[in-house]
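The structure under discussion appears below in the form of structure tokens.
The chain is numbered in sequence order, starting from 1. Please read all numbers here as calculations on a predicted model, not as lab measurements. What's counted below: heavy atoms across the whole structure, side chains too, no hydrogens, waters or symmetry copies.
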Amino acid sequence: MHAKIFSATTVGVEAHLVEVEADISFGLVNFYIVGLPDTAIKESNKRILTSLKNAGFRLPAKRITVNLAPADLKKEGTLFDLPIAIGILLANESLEIPFDFLQETLFLGELSLDGSIRFIKGALAIAFDAKKLGKRRIIVPKENMHEAALIKDLEVIGVSHLTELIAYLRGELTLEPATHNYDGYLAAQRDTMLDFSQVKGQQMAKRALQIAAAGRHNILFIGSPGSGKTMLAKRLQSIMPPMTFDELLETSKIYSITGKLKSHSLLTQRAFRSPHHTISQAGLVGGGSYPQPGEISLAHNGILFLDELTEFKRDTLEALRQPLESKTVSISRVAQNVSFPASFLLVAALNPCPCGFFGDKKRQCSCSRQQIVKYISKLSGPLLDRIDLQVPVQSIEYDSIKSVSDEQSSAVLYEKVVTARAIQEKRFGNTQTYNNFMTADQVEAYCVLTSAAEEIIRKAFDKLNLSMRGYHKILKVARTIADLAAQDQIDAAHIQEAIMYRSLDQYLEKEMQ
């Protein structure tokens, strides 16, 4: 007999409907799975037959054929174990399910040999698109129930064992759909022990990070070892604006696909990813035979911190150029093209030279001019052009360590960031648009300069040899500085500060003289 139920798989962050067809017929006793399955799916026949046996079902000695349609769509993972098992029971007439129920339901789950239903990847991404696929109900492992329940108006049934699911399908057991407190996730407390009050001095760097957080501007720290670059970067998370519910969903979908979203562990804070400089290009931007998100996608709506920037392979860094502009990364394979979201705030740190002490007030640099130029030239001009804030970080003096003056805490910096974000949300009418995301037309419309500011940027354009992108970057940063000051127009002081953060070349030339 033939039976058909519905499941789904993910390609990128999008869900695609998969029809699981099962047929039991006379012939050579065997178990075939067709429809471009990967190795994990091909091996599932042993898991499925053993779990059905241990759940008390005896299958006849016949030929079992399972088709995963459409046949030209690659399928991977273990989430088809459960729908295949239910399809076999239907084909064997060991189970009866109303037709309407089957048409409205997606089945997902990995089976253990004892019939337990285990955690799977991608449950949230599939639940997010379930209604688009024409389904109103999804049956998932109990460990995935809470992430799938983030989706409103979708009936989410969590099950822990095959016998429990069969009893539910037969009407012998009632399972209540999962619910969750949406507002509870949005009101989650910012829980971090890292605070800017722990950082002595470095007022300029703290100010730059406040601007970066308010307008989502990429930032580069350059300074000698031990000056506090990493310490500052790790505290940026404490002043980032709170995540909206849409941002929470977007980021959680990516973590769900990679299996990093464990039970009862949804993201309530912006991600902070800090890959080692030995990371491969595929590890950073994503890839694989079945493309998976890389670090830049895992940092979506959060922070990507690249420490020791010049130690990364040049081609790895160059791969960041397109995602920094488009906020997405596209991975092309012969059979398919996959896109992952990659709207991240880049924070980078590097030493100014091989020995690390070029420009340091306390220690003498031992590098030649040629060595310094070669070291910095590892970073291409187009990549540096995409970094809005370029901040020198000097070693602090002893008096700063012993100073009793109160350092600005994260709470103080965060207060102005939230105010500036509220101004941007009102300006753009969108909770996910930042000043750094402005188009050329929006720059013209919203970056209104006073006459004094206009004169300053006109002179800076020629003196700094700015590209059009660099010119717009300065205006966007100035717009954020004005928002932090709650001013409608960009004044001379705002544009001067924005230009100051854009003068890395001038800083290096000055130190070399």
**Message:** So for atom NZ, which belongs to Lys313, do other residues, nucleotides or ligands contribute more than 12 heavy atoms lying within a distance under 6.0 Å?
**Reply:** no

**Asked** Just wondering, do Arg47 and Thr78 contact through their side chains at under 4.5 Å, heavy atoms?
**Response** yes

**Request:** Would you name the heavy atoms of Ser330 and Gln322 that are closest together and state the gap between them?
**Result:** N-OE1, 4.4 Å

**Asked** Has Gln103 got more than 12 heavy atoms of other residues, nucleotides or ligands less than 6.0 Å from its CD?
**Response** yes

**Prompt:** Atom CG of Asn436 and atom NZ of Lys473: how far apart are they, to the nearest 0.5 Å?
**Reply:** 4.5 Å

**Message:** Any heavy-atom pair between the side chains of Leu220 and Leu346 that's under 4.5 Å?
**Reply:** no

**Prompt:** Side chains of Ile86 and Ile97: does their closest heavy-atom pair fall under 4.5 Å?
**Reply:** yes

**Prompt:** In Å, rounded to the nearest 0.5 Å, how long is the span from CZ of Arg58 to CG of Asn92?
**Reply:** 13.0 Å

**Prompt:** So how far is it from Ile211 CD1 to Ile219 CD1, rounded to the nearest 0.5 Å?
**Reply:** 8.0 Å

**Request:** Could you tell me which non-hydrogen atom of Pro291 sits nearest to which non-hydrogen atom of Phe340, and how far apart they are?
**Result:** O-CZ, 3.6 Å

**Item:** Donor-acceptor contact below 3.5 Å, side chain Lys75 vs main chain Gly35
**Value:** yes

**Prompt:** Are any side-chain N or O atoms of Ser238 and backbone N or O atoms of Ser410, one a donor and one an acceptor, separated by less than 3.5 Å?
**Reply:** no

**Side-chain heavy-atom pair Met438, Thr433 within 4.5 angstrom cut-off** = no

**Message:** Looking at His217 and Ala208, would you say the former's side chain and the latter's main chain have a donor-acceptor pair under 3.5 Å?
**Reply:** no

**Request:** Measure the spacing between CZ of Arg469 and NZ of Lys476 and express it to the nearest 0.5 Å.
**Result:** 9.5 Å

**Asked** Would one find more than 12 heavy atoms of other residues, nucleotides or ligands at under 6.0 Å from atom CD of Glu96?
**Response** no

**Asked** Crowded around Phe128 CZ? As in, over 12 foreign heavy atoms under 6.0 Å?
**Response** no

**Asked** Is a side-chain N or O of Gln390 found less than 3.5 angstrom from the main chain of Leu384, in a donor-acceptor match?
**Response** yes

**Message:** I'd like to know if the side chain of Glu155 reaches the main chain of Pro177, judged simply by a donor and an acceptor atom lying under 3.5 Å from each other, with no hydrogens or angles considered.
**Reply:** no

**Message:** Quick check: do Asn435 and Arg427 have side-chain heavy atoms less than 4.5 Å from each other?
**Reply:** yes

**Message:** Within 45 degrees of the ring normal and closer than 6.0 Å to the centroid, is that where the cationic atom of Lys135 sits relative to Phe6?
**Reply:** yes

**Message:** Please evaluate residues Phe101 and Arg137 with respect to the criterion side-chain contact (heavy atoms from CB on, under 4.5 Å), reporting the C-alpha separation (whole Å), side-chain torsions for both, the decisive distance (0.1 Å), and the verdict.
**Reply:** CA-CA 9 Å; Phe101 184 95; Arg137 184 183 303 103; 3.5 Å; yes

**Asked** Are Arg421 and Glu425 ion-paired here, with the side-chain N under 4.0 Å from a carboxylate O?
**Response** yes

**Message:** Please check: side-chain N/O of Ser112 versus main-chain N/O of Asp114, any donor-acceptor pairing under 3.5 Å?
**Reply:** no

**Asked** Under the side-chain contact (heavy atoms from CB on, under 4.5 Å) criterion, do Ile257 and Gln292 qualify, and how do the steps go?
**Response** CA-CA 8 Å; Ile257 290 167; Gln292 290 291 303; 4.1 Å; yes

**Item:** Check: Leu248 main-chain N/O paired with Thr251 side-chain donor or acceptor under 3.5 Å
**Value:** no

**Prompt:** Phe428 vs Tyr446 aromatic rings, parallel, tilted or perpendicular, using cut-offs 30° and 60°?
**Reply:** perpendicular

**Request:** Would you name the heavy atoms of Lys378 and Arg314 that are closest together and state the gap between them?
**Result:** O-NH1, 3.1 Å

**Message:** When you compare the side chains of Glu318 and Ser380, does any donor N or O come within less than 3.5 Å of an acceptor on the partner?
**Reply:** yes

**Request:** Check whether any side-chain heavy atom of Leu108 lies under 4.5 Å from a side-chain heavy atom of Asn144, and answer yes or no.
**Result:** no

**Asked** Does any N or O in the side chain of Asp129 come within less than 3.5 Å of the main-chain N or O of Glu14, such that one atom is a donor and the other an acceptor?
**Response** no

**Step-by-step salt bridge (charged side-chain N to carboxylate O under 4.0 Å, His left out) determination, Asp81 to Arg118** = CA-CA 10 Å; Asp81 288 8; Arg118 304 179 61 181; over 6 Å; no

**Message:** Donor-acceptor check, side chain of Thr105 to backbone of Leu102, threshold 3.5 angstrom: yes or no?
**Reply:** no

**Ser256 side chain to Leu261 backbone, donor-acceptor under 3.5 Å** = no

**Nearest heavy-atom neighbours spanning Ala91 and Ala22** = CB-O, 3.8 Å

**Request:** Grab the two heavy atoms, one from Ser252 and one from Leu124, that are nearest each other, plus how far apart they are.
**Result:** CB-CD2, 3.3 Å

**Message:** With a 4.5 Å cut-off on side-chain heavy atoms, are Arg216 and Gln424 touching?
**Reply:** no

**Request:** Tell me, yes or no, whether the heavy-atom count around Glu176 atom CD, taken from other residues, nucleotides or ligands under 6.0 Å, exceeds 12.
**Result:** no

**Request:** Test Leu194 against Phe272 for side-chain contact (heavy atoms from CB on, under 4.5 Å), laying out the working first.
**Result:** CA-CA 13 Å; Leu194 300 178; Phe272 183 93; over 6 Å; no

**Request:** Check whether any side-chain heavy atom of Lys229 lies under 4.5 Å from a side-chain heavy atom of Asn351, and answer yes or no.
**Result:** yes

**Asked** Can you check side-chain contact (heavy atoms from CB on, under 4.5 Å) on Ile126 and Val140, steps first, answer last?
**Response** CA-CA 10 Å; Ile126 293 172; Val140 295; over 6 Å; no

**Request:** Over all heavy atoms of both residues, which pair between Gly470 and Ser467 is shortest? Give the atoms and the distance, please.
**Result:** N-OG, 3.0 Å

**Asked** For Glu76 and Lys121, what are the C-alpha separation, side-chain angles and deciding distance, and is it a salt bridge (charged side-chain N to carboxylate O under 4.0 Å, His left out)?
**Response** CA-CA 10 Å; Glu76 65 160 336; Lys121 298 178 182 180; over 6 Å; no

**Message:** Return the CE to CG distance between Met240 and Asn301, rounded to the nearest 0.5 Å.
**Reply:** 8.5 Å

**Message:** Just verifying a value: how many Å separate Ile64 CD1 and Ile88 CD1, rounded to the nearest 0.5 Å?
**Reply:** 4.5 Å

